[in-house]
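Just below is one structure, and these are the notes that go with it.
Just so we're clear, the structure is a prediction, and the values are computed from it rather than from any experiment. Proteins get letters first, then strands, A, B, ... in listed order; numbering begins at 1 in each.
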2 protein chains.
Amino acid sequence: MPNYDILTKSPVFRGLNSEQLSDCLRTVHIQMKSFRKDNLIVNAGEKVNQLYIIQKGSVRGEMLDYSGKVLKIEDIEAPRALAGAFIFGKSNVYPVTVTANNDVELLSIPKNEFLKLMQKEQTILINYLNDISTRTQFLSNKLHFLSFRTIRGKIAHYLMQESGSNSNTVELKHTQQQLAELFGVTRPSLARVLGELQREGLIVLGRKNIVINEKKRLSQLLEKD
Amino acid sequence: MPNYDILTKSPVFRGLNSEQLSDCLRTVHIQMKSFRKDNLIVNAGEKVNQLYIIQKGSVRGEMLDYSGKVLKIEDIEAPRALAGAFIFGKSNVYPVTVTANNDVELLSIPKNEFLKLMQKEQTILINYLNDISTRTQFLSNKLHFLSFRTIRGKIAHYLMQESGSNSNTVELKHTQQQLAELFGVTRPSLARVLGELQREGLIVLGRKNIVINEKKRLSQLLEKD
């Protein structure tokens, strides 16, 4: 049975209350699927024919490397979706093999039914578009940061980009964990370099902002990168 | 005036004929905008409040670097859209400044009206979802390839990934130009390294496929990378 209280917390259904969601889902064909610990859910390379939303439990995404060794990519927990950005597009296959970590219940919405849902309920359409667009924007940003080799270069680039031409204060939209992910470095390494830049007098770290003391010296870090 | 013959060739409207598109667009508020050569169309950082589709002419996307120097990013021609992946999501601002290269006509569909169009006409919804998902998948793949430093490593990784465990023939889904873009290298450099690998006897290049002669030696390239 779908648990609407949990499902309304899922990114794709947020903004709907349980009654609205139950009304929506009544109009399309859906299915509940159960898995026990270590059951295979989907294989990497399998075509994505449905939106799976985890209603209970957690799953892990894994890849095999060329020697056959299993590499864990990430854990995904209720109420998130599986491979949401891979339902449409030219490469609509699961990028990883997905296995249950414990007792798992999935809501399965076939691709065609999901299209109907988005056409019927604008909240779902907007949620889904925001989700995959934010993902695209994050990846595009991350690719951009990869062109700077050092953490100092990445930080300088980020601060120059966010501060614009007239201000010396950057309001932080990202946590240090999110910034570390964007830069492709560990959080402790990022914190260490931020600390260095503060001790060198280039920046002052606040709780929710960073003040740039010496914009010229900061931009020189970019040239050295 | 909207030119339906041209607009039906745009990625977001493909699959509709001129009459169907004209019927669709009649139900929403749209606007035609004209620009002369070198007119500014949008500034980098401006919020994306509409879908712009180029009906006539071409535009260029440019960024300023920190010294104020203009860097050209790309030209976009009719009947493509501007910044299609930036209408939704957390960072829905134009990533570049857009300027007309010649006489330009744009179809402007406000964000809310575009949502209505997608809800009304499934073809438009599917086209748009396929477009932004393909973009996400391309970026995700490109990030993955960036973890290999050398072109030899990137090619070896691509061929091992595409051939799977049982086959030694890779049907090419990408042109050499697309592969070069995916790897972040120039097309001539890619062609040179492919030629080297053929001369060394690891692969045989066909017109539409690549045959792997020595899978073991190919996978050793990955370890050396």
Side-chain angles (χ1 to χ4, degrees), chain A residues 44-45 48 63-68 83-93 95 111-112 114-116 118-122 124-144 146-147 156-157 160-161 164-165 173-174 184 215-216 218-220 222-223, chain B residues 44-45 48 63-68 84-93 95 111-112 114-116 118-122 124-144 146-147 156-157 160-161 164-165 173-174 184 215-216 218-223:
Chain A
V48 182
M63 288 176 91
L64 289 185
D65 74 2
Y66 303 108
S67 63
F86 293 84
I87 306 175
F88 299 94
K90 278 186 189 159
S91 316
N92 68 327
V93 296
K111 191 169 162 174
N112 275 331
F114 182 50
L115 282 167
K116 280 193 225 162
M118 286 189 280
Q119 291 194 274
K120 191 181 154 67
E121 176 50 62
Q122 202 179 69
I124 299 176
L125 174 62
I126 294 176
N127 283 342
Y128 185 65
L129 289 173
N130 278 334
D131 248 38
I132 56 177
S133 300
T134 298
R135 178 91 191 128
T136 311
Q137 290 152 11
F138 178 84
L139 292 176
S140 162
N141 230 337
K142 185 163 178 169
L143 266 170
H144 194 50
L146 280 177
S147 62
H157 175 69
M160 298 295 283
Q161 175 183 294
S165 49
K173 289 181 299 193
H174 299 90
K215 213 156 189 173
K216 191 148 175 234
L218 197 68
S219 70
Q220 285 165 352
L222 290 176
E223 287 154 29
Chain B
V48 182
M63 287 175 92
L64 289 185
D65 74 1
Y66 302 108
S67 64
F86 292 84
I87 305 176
F88 300 93
K90 279 185 189 160
S91 316
N92 68 326
V93 295
K111 190 168 163 175
N112 275 330
F114 183 49
L115 282 166
K116 280 193 223 161
M118 287 189 279
Q119 291 195 274
K120 189 180 156 69
E121 176 50 62
Q122 204 178 68
I124 299 176
L125 175 61
I126 294 176
N127 283 343
Y128 186 64
L129 289 172
N130 278 334
D131 247 39
I132 55 178
S133 300
T134 298
R135 179 92 191 126
T136 311
Q137 290 152 11
F138 178 84
L139 293 175
S140 164
N141 229 338
K142 185 163 179 170
L143 267 170
H144 194 50
L146 280 178
S147 62
H157 175 69
M160 297 296 282
Q161 175 183 293
S165 49
K173 290 181 298 194
H174 298 89
K215 211 156 190 174
K216 191 146 174 240
L218 197 67
S219 70
Q220 284 165 352
L221 289 184
L222 289 176
E223 287 154 28

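Minimum interatomic distance between A/Thr136 and B/Ala85 (heavy atoms only, all atoms of both residues): CG2-CB, 4.2 Å. Smallest separation of non-hydrogen atoms from B/Gln122 and A/Gln119: NE2-OE1, 3.0 Å.
Contact annotation: the side chain of B/Ile132 approaches that of A/Ser133 to within less than 4.5 Å [non-hydrogen atoms, C-beta and beyond]. Between A/Lys90 and B/Asn130, every side-chain heavy-atom pair lies at or beyond the 4.5 Å cut-off. With a 4.5 Å cut-off on side-chain heavy atoms, B/Tyr128 and A/Leu129 count as touching.
With a 4.5 Å cut-off on non-hydrogen atoms, B/Leu115 touches chain A through its backbone and its side chain both. For B/Lys173, no part lies under 4.5 angstrom from a heavy atom of chain A. Neither the backbone nor the side chain of B/Phe138 has a heavy atom closer than 4.5 Å to any heavy atom of chain A.
Of the inter-residue distances, the one linking A/Lys116 atom NZ with B/Leu125 atom CG reads 13.5 Å to the nearest 0.5 angstrom.
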